[in-house]
Protein chains: 2
Amino acid sequence: MAGQTRRRGAALEEAILQAAVAELTESGFAGLTMDKVAARAGTNKNAIYRRWPNRLALGIAAYKQLATAVPLPDTGELRGDALELLRQANRHWSSPLGAILRDLLVAAGGATEFLAQLQDQSGDAAAAPWLTVLGRAVARGEAAPEVLHPRVATVAVVLLRNEFVVRGVPSAPDDVLVEIVDEVYLPLVRRRGEDAGQAPG
Amino acid sequence: MAGQTRRRGAALEEAILQAAVAELTESGFAGLTMDKVAARAGTNKNAIYRRWPNRLALGIAAYKQLATAVPLPDTGELRGDALELLRQANRHWSSPLGAILRDLLVAAGGATEFLAQLQDQSGDAAAAPWLTVLGRAVARGEAAPEVLHPRVATVAVVLLRNEFVVRGVPSAPDDVLVEIVDEVYLPLVRRRGEDAGQAPG
DNA sequence: CAACTAGGGTACTTTTCGTACCGTATTCGC
DNA sequence: GCGAATACGGTACGAAAAGTACCCTAGTTG
C-alpha cells in the first residue's frame, strides 16, 4: 500500500545475486533453491528466471561474486613457492567455498558452456601462478626451461585436486602436500636436459 | 490368478540389479529412476528399498556389475605400456560407462562410504596395474626404484582424468596422452637417483 | 499523459524420491 | 503337514523443487 519503491534492473539484479550468495554460503549449492533466493531477495522467481536460465547459472554467477584472487608467493625457492601454492589451493578447496565449487563442477556435468565460466577459478587461470613461479625457478637455474608448459607446471595442483576427488577428504594433510612436492613435482621439473623420452623409431 | 511363482531373495535381487543395469546403460544414471527399475524388474519400489537405501547405492551396485577388468599391457617398454594403460582409461572414460562413473562420483559428492565402493574401479585399484608395469620397468632399468610409489606411479592417469574433469571433453585426443607420457611421466620416473629435493635445513 | 516494460504475487504442473498400508504368496519352525 | 513370520506386489501418498503461466501494478519512456 505505502511507498513500495519497486526495484528494477541492476538494483534488483544485485539484490538477487546477494541473496544467492548468502544462500550459497549458508547452505551450499544443494541448498540454493530458487524459492529461497527469491524470498530472501524480496522478489519472486520470475525476476530470477528473466536473468538466469536455470539454477546452475545462478549458482555460478553467485560463486563468482565470492571468488577472490590470492597473492602470488615468492619465497625465493621453488620448493617454498610450490608448497605455498598448494597450501592455498588446499585451504580453498577445504573451505565452504571449495565445497561449493566442487558442487558446481559436478552440476555442470561436463557442459562446456558452464565449465568455461568456472575454469577461470579452477582450471586454466590456475596455471598462471604456477607458470610464474616456475619461470622464476628457471631463471634461478632451479628448473629446466622445457618444463614451462601448462601441463607440466600444474602437475602438483592437479595431483592435489585428485586427492579431493578420489579420497573425498575434507582437507588434505600437510604431509600429502609435501609428498607431492618432494616426490613428484621437484623431481619432475628439476630434470636436467636428458633425452626426453622420444619414441624409438 | 494363475501360478504367480513369486520371486524372492537372491532371484529377485538379481532381477532388480539386471533391470538397473539395463536402465543405466540405456539412460545413464540420470535416467535411473526407482519406478522404472521396479517396473522393468516386474516388481515395485518396496523390494528395491529393502535392499538398497537409496538411488545412489543402487546405481553403484549396478555399475559394479558392468565394470570389467582389462588386460595388463606388456609391450616390453615402459612407454608402450604407459600409453596403452592411458588409452584403456581414455576409452573407458569416453564410453557410456565412463559417463556413468562420473555421474556416480558426482552423486556421491564426497560421501566416503560411497566413494570407497567406487575406488576399486577408479582409484586405488587403478594403482595396481601402474605399479606392476612400473615394476617391470624398474627391473629393466628403465625407471628409478624410488618411483614405485602409488602417488608417483599413477601420475599419468591422474593427469588424464584431470583433462576430463576440467575440459569436459568427451574423449581426450591421442596427442594429449602422448604428451602426458613424454612430457611428464617418463621424465618423472626416469630420474636417476639425484638429490630428491629435501628441504634445506 | 498514454503505452510499454518489468516486478510482484500466486498458483500450478511435473518429476521423482522415499514412505506407508494392506493383502497375499512363500518359507520356516515345530 | 500346519501355523507364524517374512517378504512381495500393488497402490497411494507426501515432500521437495524446478520451471511455467497469468494477471495485476509500479515505473519508465516518448
Side-chain angles (χ1 to χ4, degrees), chain A residues 1-20 22-24 26-62 100 103-104 106-109 111 113-114, chain B residues 1-20 22-24 26-62 100 103-104 106-109 111 113-114:
Chain A
M1 326 306 196
Q4 4 235 138
T5 311
R6 196 180 271 186
R7 293 162 303 182
R8 299 196 140 225
L12 182 55
E13 187 153 333
E14 267 182 52
I16 295 173
L17 261 182
Q18 197 174 326
E23 289 293 330
L24 212 48
E26 283 175 21
S27 324
F29 182 62
L32 182 86
T33 74
M34 302 307 252
D35 283 301
K36 282 199 288 182
V37 171
R40 184 161 204 155
T43 179
N44 63 6
K45 290 194 287 182
N46 274 338
I48 304 180
Y49 278 105
R50 260 184 224 118
R51 293 174 168 77
W52 294 274
N54 52 46
R55 191 172 84 98
L56 176 57
L58 175 62
I60 291 175
I100 293 169
D103 284 349
L104 290 174
V106 148
E113 74 267 26
F114 292 117
Chain B
M1 327 300 197
Q4 6 236 143
T5 311
R6 197 180 270 187
R7 292 161 304 182
R8 300 196 139 225
L12 183 55
E13 185 152 335
E14 267 181 52
I16 295 172
L17 260 182
Q18 196 174 327
E23 288 292 331
L24 212 48
E26 283 175 22
S27 323
F29 181 63
L32 182 87
T33 74
M34 304 306 254
D35 283 299
K36 281 199 289 182
V37 171
R40 184 161 204 153
T43 180
N44 63 5
K45 290 193 289 182
N46 273 339
I48 303 180
Y49 278 104
R50 260 182 226 118
R51 293 173 168 80
W52 295 275
N54 50 46
R55 191 172 82 98
L56 176 56
L58 174 62
I60 291 175
I100 293 168
D103 284 350
L104 290 173
V106 148
E113 74 266 28
F114 292 117

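Fair warning: this is a prediction, and the values are worked out from it, not measured in the lab. Reminder, nothing fancy here: chain letters follow the sequence lines and each chain counts from 1.
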Open item on the list: In this structure, how many angstroms lie between the C1' atom of D:dA18 and the NZ atom of A:Lys45, rounded?
Closed with: 6 Å
Open item on the list: Could you tell me how far apart B:Met34 (CE) and C:dC17 (P) are, to the nearest whole angstrom?
Closed with: 7 Å
- [ ] Let me know the distance between CG of A:Asn54 and P of D:dA18, rounded to the nearest Å.
- [x] 10 Å
Pairs under 3.5 Å (N/O, protein and nucleotides 21-23 of chain D):
| from | atom 1 | to | atom 2 | distance (Å) |
| --- | --- | --- | --- | --- |
| D:dA21 | N6 | A:Asn46 | OD1 | 3.2 |
| D:dA21 | N6 | A:Asn46 | ND2 | 3.4 |
| D:dC22 | N4 | A:Asn46 | ND2 | 3.1 |

Open item on the list: So which atom in A:Ala47 and which in A:Leu12 form the shortest heavy-atom distance, rounded to 0.1 Å?
Closed with: CB-CD2, 3.9 Å
Open item on the list: Would you say B:Arg51 places a side-chain N or O within less than 4.0 Å of OP1 or OP2 belonging to D:dC8?
Closed with: yes
Open item on the list: Please report the distance, rounded to the nearest Å, between CG in B:Asp35 and C1' in C:dT15.
Closed with: 10 Å
TODO: Starting from C1' on D:dA16, measure out to CD on A:Glu23 and report it in whole angstrom.
DONE: 15 Å
Task: Gap between atoms CD1 and P, on A:Ile48 and C:dT10 respectively (whole Å) - done: 16 Å
TODO: Could you tell me which non-hydrogen atom of A:Asp35 sits nearest to which non-hydrogen atom of A:Lys45, and how far apart they are?
DONE: OD1-CE, 3.3 Å
TODO: Taking only the side-chain heavy atoms of B:Thr33 (C-beta and beyond), determine which of C:dT16, C:dG8, D:dT20 contains the nearest atom.
DONE: C:dT16
Open item on the list: Any base atoms under 4.0 Å from A:Leu56, or only sugar-phosphate, or nothing? Heavy atoms, all strands.
Closed with: nothing
Open item on the list: I need the minimum non-hydrogen distance between A:Phe29 and A:Ile100, along with the two atoms involved.
Closed with: N-CG1, 4.5 Å
- [ ] Please state how far atom CZ in B:Arg55 lies from atom C1' in D:dA16, giving the value in whole angstrom units.
- [x] 15 Å
Task: Residues touching DNA chain D, which here means a heavy atom under 4.0 Å, drawn from residues 10-18 of chain B - done: B:Leu12
Task: B:Arg40 side chain vs B:Ala15 backbone, donor-acceptor pair below 3.5 Å - done: no
Open item on the list: Classify B:Leu58 by what it touches in the nucleic acid, base, sugar-phosphate, or nothing, heavy-atom distance under 4.0 Å.
Closed with: nothing
Open item on the list: Testing B:Asp103, B:Leu24, B:Leu56 one by one against B:Leu32 for a side-chain contact (heavy atoms from CB on, under 4.5 Å), which residue passes?
Closed with: B:Leu24
Open item on the list: To check you understand the geometry: which heavy-atom pair defines the closest contact between A:Thr43 and A:Ile16, and what is its length?
Closed with: CG2-CG1, 4.1 Å
Open item on the list: Looking at every heavy atom in both B:Lys36 and B:Ser27, which two are closest together, and how far apart are they?
Closed with: NZ-OG, 4.2 Å
TODO: If a pair satisfies salt bridge (charged side-chain N to carboxylate O under 4.0 Å, His left out) and one of its residues is in residues 52-61 of chain B, list it, with sequence neighbours excluded.
DONE: none
Task: Residue pair B:Ala61 / B:Trp52: nearest heavy atoms and the distance that separates them - done: CB-NE1, 3.4 Å
